[in-house]
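Each residue takes its place number in the sequence, starting with 1. All heavy atoms count here, side chains included; hydrogens, waters and symmetry mates do not.
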Amino acid sequence: AIPEGDIDVLAIVSLGREKRVDEPRRKLSDEIVPGLGWLMQDQPPGYCDGTYNSECGRDAINNCLIQGHNDHRGGILFSSLSGWLVMTLPNVSEGIIVSKIETWHQPWENTMTSGWKTENGKRQLRSKDGFGVVSNATEAPLQYHWLTYEETERRLKVPPPEYCSSFKFEFAIDGKITSWDLETFQKKSTNPQRVVETQTLLDDPKFTTEPRDVKIAIRMTGCPDPPQKTFKLTHMYWA
């Protein structure tokens, strides 16, 4: 027990961000390997479920740790340079998978891909036997960036980059890759309300006969040249 008046350091640390677990990087196939260019943005630390007793946003930049403000537009930024994001969706039973992706973000927001010219920051080196792919990026935990007020204002005022003609949005369900061009992506995207964009990746009642875990991966390709089109994944819904 903690003596009265002493500080419970363990309890304080446990309210911080999740620790990185050093385990093998998961992949679906030789074609689908987790990418290195994804950046977590505006996701407050703590227990942020919207309830009255939540303990949210206890960050170094917060000058009132008991405020507990839960309203944030957190998510993971990605572009054509980011590679695949690989996830496991537990207990899929009705054959429904929907993503919520914001399409209006700026390339400067994703600092993970700064200076990269190819997916995952890889470059081609000539060898005696031909060409070999060598990565100039090191494997690292998912990075995090909290938006300042000035950055938020800047993001809202500047129009996002245009789509390039070779844009593709790709996703894989249990290793099977589906590729959408720009026309298909825009047709599959819906706007149920302001600043909400969703994409139905699966709607098949015959997909499974019983609840099971499903591996899913997503990425953007085709637009590596600046200014890169930049998205933010905020939610994955499934049933």
Side-chain angles (χ1 to χ4, degrees), residues 17-18 20 25-29 31-43 72-89 97-122 135-147 151-152 154-155 158-173 177-182 184-186 188-189 195-201 215-238:
R17 300 188 186 105
E18 295 181 359
R20 182 193 179 202
R25 295 170 69 209
R26 126 181 61 173
K27 65 178 184 178
L28 297 183
S29 69
E31 295 182 68
I32 304 173
V33 178
L36 301 175
W38 293 74
L39 179 70
M40 187 177 294
Q41 182 192 69
D42 206 24
Q43 179 63 43
H72 298 273
R73 288 182 178 172
I76 313 176
L77 294 163
F78 68 104
S79 69
S80 290
L81 303 176
S82 299
W84 290 98
L85 178 68
V86 181
M87 301 165 279
T88 300
L89 307 183
I97 300 176
V98 178
S99 61
K100 180 174 175 285
I101 296 175
E102 298 173 352
T103 62
W104 61 80
H105 287 267
Q106 299 292 336
W108 56 261
E109 296 180 56
N110 189 355
T111 56
M112 284 295 291
T113 57
S114 297
W116 292 6
K117 298 182 183 299
T118 57
E119 185 175 287
N120 291 323
K122 291 182 178 179
S135 175
N136 60 9
T138 58
E139 183 175 340
L142 194 65
Q143 298 295 308
Y144 172 85
H145 175 60
W146 186 280
L147 283 178
E151 287 176 326
T152 302
R154 182 180 171 194
R155 183 180 67 179
V158 179
E162 297 292 333
Y163 287 93
C164 69
S165 59
S166 54
F167 165 88
K168 284 189 182 345
F169 176 77
E170 295 186 324
F171 60 94
I173 298 176
I177 299 175
T178 299
S179 182
W180 290 347
D181 60 15
L182 176 57
T184 304
F185 177 78
Q186 292 179 329
K188 295 285 188 178
S189 297
V195 302
V196 175
E197 300 173 83
T198 63
Q199 305 78 31
T200 301
L201 309 183
K215 303 286 187 182
I216 186 165
I218 66 171
R219 73 170 176 176
M220 184 201 310
T221 66
C223 301
D225 298 326
Q228 289 98 17
K229 191 68 178 174
T230 301
F231 287 174
K232 180 158 79 172
L233 173 69
T234 64
H235 295 77
M236 292 294 297
Y237 305 101
W238 67 94

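- Contact of the Thr103 side chain with the Pro160 side chain is not registered, since no non-hydrogen atoms from C-beta on lie closer than 4.5 Å.
- With sequence neighbours left out, the side chain to side chain contact (heavy atoms under 4.5 Å, CB included) criterion links Ser82 to Trp38, Phe78, Ser79, Asn110, Thr113.
- Here Pro161 pairs with Gln106, Pro107, Pro227 under the side chain to side chain contact (heavy atoms under 4.5 Å, CB included) rule; sequence neighbours left out.
- The minimum heavy-atom distance linking Val33 with Trp84 is given by the pair O-CB, 3.5 Å.
- The shortest heavy-atom contact between Met112 and Leu36 is CE-O, 3.0 Å.
- Among all heavy-atom pairs drawn from Asn120 and Gly35, the shortest one is OD1-CA, 3.2 Å.
- Qualifying ring pair (Phe, Tyr, Trp, His ring centres under 6.0 Å) partners for Phe185, counting only residues two or more places apart in sequence or in other chains: Phe167, Phe169, Phe231.
- Within the structure, salt bridge (charged side-chain N to carboxylate O under 4.0 Å, His left out) pairs that include any residue of residues 219-228 comprise Glu119-Arg219, Glu170-Arg219 (at least two apart or interchain).
- When the side chain to side chain contact (heavy atoms under 4.5 Å, CB included) test is applied to Ser114, the partners found at least two apart in sequence or on another chain are Thr111.
- By the side chain to side chain contact (heavy atoms under 4.5 Å, CB included) test, Thr234 is found to be paired with Lys100, Glu102, Lys232, residues two or more places apart in sequence or in another chain being considered.
- Across every non-hydrogen atom of Trp104 and Val195, the tightest pair is CH2-O, 3.5 Å.
- Under the 4.5 Å side-chain criterion, counting only non-hydrogen atoms from C-beta, Ser189 is not in contact with Glu197.
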